[in-house]
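Right, one structure below, let's go through it.
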Amino acid sequence: MPATYTIGVDFGTASGRVVICDSSTGVIISEDITTYKHGVLDKALPNGESLPNNYALQHPQDYLDVLHTSIPSALVKGNILKEQVIGIGVDFTSSTVIPTDKDGTPLCFKDKWKNNPHAFAKLWKHHGAMKQAEHMQLVYDQGPFHFLKNYGESISCEWMVPKILEVAEEDFALYEEATYFVEAIDWISFVLTGNLVRSNCSAGFKAFWDEDNGFPQAFFDSCSSLLAMLPQTKLSGTVAQVGDKAGELTTDYAKLLQLRPGTAVAVGMIDAHAAVLGTGSVDPRTLVMVMGTSTCHLLVDQESVEVPGISGSVKNGIVKDMHAYEAGQSAVGDLFAAFVDQMVPENIAKQAQQEQLPILAYLEQKLGGVKAGSTGLLALDWHNGNRSPHNLPHASGSMLGLTLQTKSEEIFLALMEATAFGARSIIENYRDAGLTIDKIVAAGGLPLKNRRLMEVYASVLNQAIHISSTPHAPAVGAAILGAAAAPKVEGGYETVLQASKKMGDAGNVIIYPENEDVERYNQLYTQYKRLAEFQIKALEDLHSCHQKEPST
């Protein structure tokens, strides 16, 4: 059979990447990246109108630009004919929610709503729905509901329904105007095929849906009359499993993207979850850390167990007949980026420039032989809240031990250690619930760029870390979805599991723990847990102070 290829489109926080993979091996033949023109709208709308704190929006036109620009470009770079492309898969940061009309047009594309913040895509890290999430949590805790056992008994403001309720309460006219609220994953397949098909991965992990009971309508009714009939109206549409075909590429979009009409388009997937497929880590007892702006900690297992503080557990959410588990840290790469932007002095930036190194690579070099836990610093990695295992979106980070002599590279090491401690707390939480983790795979750009970071993780976790060989594991995972959706006679696969086993790659670089560092980090981790406990209590007390009426 002649060579065939599948396209994976990975929509991240700052850009979208297209890879074209050999459908028999998963090898990336070509790739192209498009940076979002509007970026993350967290300070102001495109018209300059200021946004409230905790907002993180995006313009859906940026997503279309990725399709329109990077798919044709990748085809040209790889010298690939449209007849050779058998499928397209998509992954997306989630929960990223777009209000649309009946045809799938985002409301922010319309003159009437183009300057209304609620008409834009609410990015995964949009925390404007904290009030709604807290209200929903209270309703759940006081009511006869049990579905949150699959979500660590907690509700995050980053999820879909709190964001929908935020729109309903803050701008009812726009809420009424929206025919649908659509996960960006599903919106892309809607655009490409004309079919509104919702992914069981995003619906399950981000919108309380499960295949046995659907959406929890009684809970929605108890939360607000504004959510009445939500599953039948603004959340309507077929829910399909990852690995299924969402539809076929329309004639118009085939012409625009220089592909064949009728090319299979797969049901989409959350980006981190797609990385599990991209690394081929679809066996039980294997945990995948997808490390980017945030980190997701994912595994599949035949067993269904209740894990407190996780982001979710969804049957068939990654591969068929397995329960997929997700937990996460809200800031890892973002934490390091904020450190560079806000805390690195000018002289360090100049020295890095002279050495022709990125600032973090320069600081890693300066660390040299600085030993584990020797800086006298201890950091808490909650600068964008805590997702797991505490579900505290309003939490904040901290650092103990700073002196007038503290160096920038020492702060960087303390932040690396803090993110590793955060990962350890999540892994211990999984194990305490009864899940076994024998292997850890790290995927994403961070593990490949920063060896010291992975050495810290290996020693903090006291376990070998397998480094995925590709920085684009989610995109490869999306291409695997395309291969699973493609016709078998054209070179597609029967299942996602088969496609992942053939096309995924966990890599052959392994970082082992250092015995001396393990002991130091065990001691420091005990102090990390004490600091976390103190911070939780301090946040509760601070919140209580803010709620009190001023004395007269």
Side-chain angles (χ1 to χ4, degrees), residues 8-17 19 89-96 123-125 151-152 156 158-160 183-186 188 199-207 242 267-282 286-301 307 310-314 316-319 322-335 384 387-388 419 422-423 426-427 430 437 440-448 457 465-468 470-481 496 500 504-506:
V9 190
D10 168 39
F11 291 90
T13 300
S15 61
R17 181 181 302 276
V19 301
V90 175
D91 72 78
F92 221 111
T93 59
S94 181
S95 177
T96 298
L123 187 59
W124 67 268
K125 62 179 179 178
Y151 301 88
S156 170
E158 294 180 358
W159 294 347
M160 188 179 203
E183 274 283 353
I185 307 167
D186 305 323
I188 294 296
S199 165
N200 72 316
C201 180
S202 58
F205 278 102
K206 306 300 179 182
V242 291
V267 173
M269 198 171 193
I270 299 171
D271 57 348
H273 303 58
V276 176
L277 303 180
T279 64
S281 303
V282 286
T286 298
L287 179 120
V288 181
M289 298 189 299
V290 186
M291 304 179 69
T293 54
S294 62
T295 293
C296 285
H297 307 73
L298 299 128
L299 66 144
V300 297
D301 202 281
V307 186
I310 63 170
S311 299
S313 170
V314 177
N316 304 318
I318 293 179
V319 292
M322 294 273 194
H323 296 270
Y325 295 87
E326 175 197 356
Q329 294 166 270
S330 295
V332 178
D334 266 359
L335 177 55
N384 194 35
R387 187 183 302 162
S388 301
T419 65
I426 288 169
I427 291 170
Y430 273 138
I437 298 171
I440 297 177
V441 176
L446 283 177
L448 291 172
Y457 270 66
I465 308 292
H466 299 251
I467 309 299
S468 173
T470 173
H472 314 313
V476 174
I480 286 169
L481 293 173
V496 168
S500 180
D505 182 13

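Keep in mind that the numbers below use all heavy atoms, side chains included, and drop hydrogens, waters and symmetry copies. Just so you know, these numbers come straight off a predicted model, no measurement behind them.
Between Arg387 and Cys296 there is a side-chain heavy-atom pair separated by less than 4.5 Å. Between Ser388 and Ser311 the shortest side-chain heavy-atom distance falls below 4.5 Å. With a 4.5 Å cut-off on side-chain heavy atoms, Val319 and Leu277 count as touching.
Taking every heavy atom of both residues into account, Pro471 and Leu448 meet most closely at N-CD1, 3.4 Å. Val290 approaches Ala272 most closely through the heavy-atom pair CG2-O, 3.5 Å. Looking at every heavy atom in both residues, Phe92 comes nearest to Phe11 through CE1-CG, 3.3 Å. Of all non-hydrogen atoms in Ile318 and Ala324, the two that sit nearest each other are CG1-CB, 3.6 Å. In plain terms, the two heavy atoms of Ile465 and Ala442 that are nearest each other are CG2-CB, 3.7 Å. Considering all non-hydrogen atoms of both residues, Ala473 and Thr279 come closest at CB-CG2, 4.0 Å.
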Practice problem: In sequence, state the C-alpha distance, the side-chain angles, and the governing distance for Val9 and Ile188, and then conclude on side chain to side chain contact (heavy atoms under 4.5 Å, CB included). | Solution: CA-CA 10 Å; Val9 190; Ile188 294 296; over 6 Å; no

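Distance check, rounded to the nearest 0.5 Å: OG of Ser281 to NE2 of His466 gives 9.0 Å. Annotation: the span from Ser330 atom OG to Asn384 atom CG amounts to 5.5 Å, rounded to 0.5 Å. Remark: Leu298 CG to Thr286 OG1 distance equals 12.0 Å, nearest 0.5 Å. Atom-to-atom distance recorded for Ile440:CD1 and Leu299:CG is 10.5 Å, nearest 0.5 angstrom. Between Tyr325 atom OH and Ile437 atom CD1 the span is 11.5 Å, to the nearest 0.5 Å. Interatomic distance, Asp271 CG to Arg17 CZ, rounded to the nearest 0.5 Å: 13.0 Å.
A donor-acceptor pair is defined here as one N or O able to donate and one able to accept, closer than 3.5 Å; no such pair exists between the side chain of Thr293 and the backbone of Gly333.
His297 and Tyr430 have their aromatic ring centers separated by at least 6.0 angstrom.
Val242 is linked by a side chain to side chain contact (heavy atoms under 4.5 Å, CB included) to Ser199, Asn200, Cys201, Met269, Leu481, counting only residues two or more places apart in sequence or in another chain. For Thr419, the side chain to side chain contact (heavy atoms under 4.5 Å, CB included) criterion is met by Gln329, Val332, Leu335, Phe336, Asp381, Leu453, Tyr457, not counting sequence neighbours.
In summary, Lys206 and Glu183 do not engage in a salt bridge, as defined by a charged side-chain N under 4.0 Å from a carboxylate O.
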